[in-house]
Amino acid sequence: MDEPVNGDRLLAALSALGNPQRMRIVATLAGRRQYVSQLARELGISRPLLHMHLQRLEAADLVTADLEISDSGKAVKYVEAAPFALHLTPETIARAIPTLTEQKEQK
């Protein structure tokens, strides 16, 4: 049986992926984890900008992060893409609409 569609989660995922930088981040993390500083260097963006994008991706459950202590005692944040699949059809979107928080608040 298919998992029920949650409109808020679907909207968060689509919104998070609606930015080219965030799409590049997810693509770069496909199949591997990376620490934030190295990921910023690979993508050619600043760490503060990367952190902002990662927060948005984490809020949408598209990436996960772990803080680890290196051998030198320094805290290192690792990120990886979370397993997810989006199957979009007009019917999927129609089933998601009644579950949107924003939709319920407008009634």
Side-chain angles (χ1 to χ4, degrees):
M1 178 175 244
D2 288 334
E3 183 178 319
V5 178
N6 178 291
D8 291 336
R9 289 187 68 200
L10 179 60
L11 189 59
L14 292 174
S15 177
L17 291 171
N19 176 284
Q21 288 285 25
R22 290 192 285 270
M23 286 182 67
R24 287 180 56 216
I25 292 166
V26 171
T28 302
L29 293 173
R32 68 185 178 119
R33 65 183 262 206
Q34 185 62 273
Y35 65 97
V36 172
S37 294
Q38 179 61 35
L39 183 60
R41 283 191 292 275
E42 277 185 49
L43 295 170
I45 61 177
S46 69
R47 284 188 306 179
L49 180 59
L50 178 59
H51 278 287
M52 188 263 316
H53 286 306
L54 288 172
Q55 286 176 337
R56 188 80 180 268
L57 290 166
E58 280 185 85
D61 296 325
L62 300 176
V63 300
T64 59
D66 293 307
L67 197 58
E68 296 182 11
I69 305 299
S70 70
D71 294 337
S72 65
K74 191 174 182 181
V76 180
K77 185 175 183 177
Y78 283 90
V79 291
E80 63 185 318
F84 69 90
L86 298 175
H87 180 76
L88 290 178
T89 65
E91 293 78 19
T92 304
I93 293 170
R95 286 194 312 271
I97 294 300
T99 67
L100 285 171
T101 304
E102 174 182 274
Q103 177 75 11
K104 291 176 184 174
E105 291 172 357
Q106 290 178 359
K107 289 184 178 181

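Just so it is clear, the structure is predicted and the values come from calculations on it, not from any experiment.
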So, taking the atom named [atom1] in [X] and the one named [atom2] in [Y], what distance separates them when rounded to the nearest 0.5 Å?
X: L50; Y: R41; atom1: CG; atom2: CZ; result: 11.0 Å
X: H87; Y: L10; atom1: NE2; atom2: CG; result: 12.0 Å
X: R32; Y: Y78; atom1: CZ; atom2: OH; result: 12.0 Å

Flag yes if [X] and [Y] sit in one hydrophobic cluster, no otherwise; membership is Ile, Leu, Val, Met, Phe, Trp, Tyr, and two members link when side-chain heavy atoms are under 4.5 Å apart.
X: L67; Y: V36; value: no
X: V63; Y: L86; value: yes
X: L39; Y: Y35; value: no

- Query: Are R9 and D61 ion-paired here, with the side-chain N under 4.0 Å from a carboxylate O?
  - Reply: yes

Contacts under 3.5 angstrom, residues 12-31 side chains, donor-acceptor by atom type, not counting sequence neighbours:
from: S15; atom 1: OG; to: R56; atom 2: NH2; distance (Å): 2.3
from: N19; atom 1: OD1; to: Q21; atom 2: N; distance (Å): 2.8
from: N19; atom 1: OD1; to: R22; atom 2: N; distance (Å): 3.1
from: Q21; atom 1: OE1; to: R24; atom 2: NH1; distance (Å): 2.9
from: R22; atom 1: NE; to: A16; atom 2: O; distance (Å): 2.7
from: R22; atom 1: NH1; to: H53; atom 2: ND1; distance (Å): 3.0
from: R24; atom 1: NH2; to: L43; atom 2: O; distance (Å): 3.1
from: T28; atom 1: OG1; to: R24; atom 2: O; distance (Å): 2.8

- Verify whether one side chain among Q34 and E80 offers a donor that lies under 3.5 Å from an acceptor in the other. no

- Query: Backbone N or O of G7 within a donor-acceptor pair of the T99 side chain at under 3.5 Å?
  - Reply: yes

- Query: Hey, is CZ on R47 packed in by over 12 heavy atoms from elsewhere, all under 6.0 Å?
  - Reply: no

- Only one of N6, I93, T101, L100 passes side-chain contact (heavy atoms from CB on, under 4.5 Å) with L11; say which it is. L100

- Task: Just jot down the salt bridge (charged side-chain N to carboxylate O under 4.0 Å, His left out) partners of D8, sequence neighbours excluded, or say none.
- Result: none

- Message: Test of understanding: with salt bridge (charged side-chain N to carboxylate O under 4.0 Å, His left out), list the residues that count as partners of E68, not counting sequence neighbours.
- Response: R33

